[in-house]
Structure formats: structure tokens, C-alpha cells
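First up is the structure itself, then whatever we jot down about it.
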Amino acid sequence: VTSASLGWRLMFAIGALPALLQLVGLATLPESPRWLVLHGRIAEAEEVAARLGIDFLTLPVTDNSVGAVKPLGVSTIANFRLIFGKQLRRRLFVGAGLQLFQQLSGINTI
């Protein structure tokens, strides 16, 4: 392998690293508690909600009783207190930070 052919191969390998990291990270993501509840997997939904720090009884898919699962009318209008509140602040900054990192570095797989 010459240094010229190694250059482009190395370039593609380095470009594939973020995609591989994303693939590994995707495998570790839990199911959505809301999805689990809608599919009747209540115990798993409670576990995932606890790991994510979400109060299970306030999920918009339940009416606070485990047996009665139905989608509730959820407003699509978000207010700024909710978005910038303490509960979502970390997630907001992680998402905005990843977006900023993507724009500044040119990595299109994040």
C-alpha cells in the first residue's frame, strides 16, 4: 500500500468513525416509555421512565391509572418555560451542542 492510496483510505476510515459511534450509541438507547405503554408493556415503561428521570404518571399517554391507556390531547404549542425548564435544560444543551459541533466540524453523521 503506497502512501497515496493510504491517504484516501484513511480519510474514509476517519469519516466512518462518527457513523460507527452513532450506531453503537443507537443500540444502547431505551425504548420510549410512551411507546411501551401503548403496546401494553407497563412494567418496562415504568423502568425506562425511572432511568430517564420521568415521572411515569405524568406521561401524556396515560390517565394516571395503569389499566386505562389512551392517548390524551396534548397541546402542540410549547411554551418557553417548558423548553428551558430544569427538566429539559440538559437535553436541550446536549442537542444544541451536537448541532453546533456538526456545523463547526463538518461532520454530517451526527
Side-chain angles (χ1 to χ4, degrees):
V1 178
T2 65
S3 64
S5 66
L6 181 64
W8 70 265
R9 291 177 186 186
L10 189 59
M11 179 181 66
F12 278 111
I14 291 172
L17 283 177
L20 291 173
L21 288 173
Q22 187 175 12
L23 185 64
V24 169
L26 183 64
T28 63
L29 286 176
E31 296 287 350
S32 162
R34 194 171 291 122
W35 184 89
L36 290 169
V37 168
L38 286 172
H39 288 84
R41 296 160 61 181
I42 306 298
E44 288 178 66
E46 288 176 337
E47 290 174 18
V48 170
R51 266 189 285 150
L52 295 174
I54 300 170
D55 184 14
F56 181 72
L57 296 179
T58 61
L59 286 175
V61 76
T62 67
D63 68 352
N64 293 341
S65 63
V66 175
V69 177
K70 63 179 181 178
L72 297 178
V74 178
S75 173
T76 57
I77 300 172
N79 62 31
F80 283 103
R81 274 191 217 147
L82 177 65
I83 293 172
F84 293 104
K86 188 175 183 179
Q87 189 175 18
L88 295 178
R89 187 176 299 139
R90 181 174 178 224
R91 294 177 182 118
L92 176 70
F93 285 126
V94 167
L98 286 173
Q99 187 177 22
L100 180 68
F101 177 71
Q102 175 196 5
Q103 293 298 317
L104 294 178
S105 67
I107 297 174
N108 292 325
T109 60
I110 294 180

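When reading the values below, keep in mind they use all heavy atoms of this one structure, side chains included, and skip hydrogens, waters and symmetry mates.
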Query raised in the report: When you look at V48 and L36, which way does the side-chain contact (heavy atoms from CB on, under 4.5 Å) test go after all the steps?
Result: CA-CA 9 Å; V48 170; L36 290 169; 3.9 Å; yes
Report task. Decide side-chain contact (heavy atoms from CB on, under 4.5 Å) for L29 and L26; before the verdict, give the C-alpha distance in whole Å, the side-chain angles of both, and the deciding distance to 0.1 Å. Result -> CA-CA 5 Å; L29 286 176; L26 183 64; 3.8 Å; yes
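For the atom pair E44 CD and H39 NE2, the distance stands at 12.0 Å (nearest 0.5 Å). Atom-to-atom distance recorded for I14:CD1 and R9:CZ is 14.5 Å, nearest 0.5 angstrom. Atom CD1 of I42 is separated from atom CD of E46 by 7.5 Å, given to the nearest 0.5 angstrom.
Listed here is the closest heavy atom pair of P33 and A45: O-CB, 3.6 Å. The two residues Q87 and G53 make their nearest non-hydrogen contact at NE2-O, 4.0 Å.
Linking Ile, Leu, Val, Met, Phe, Trp and Tyr residues whenever their side-chain heavy atoms come within less than 4.5 Å places W35 and L52 in a single cluster.
Side-chain N or O atoms of W8 include one that pairs as donor or acceptor with a backbone N or O of S5 at under 3.5 Å.
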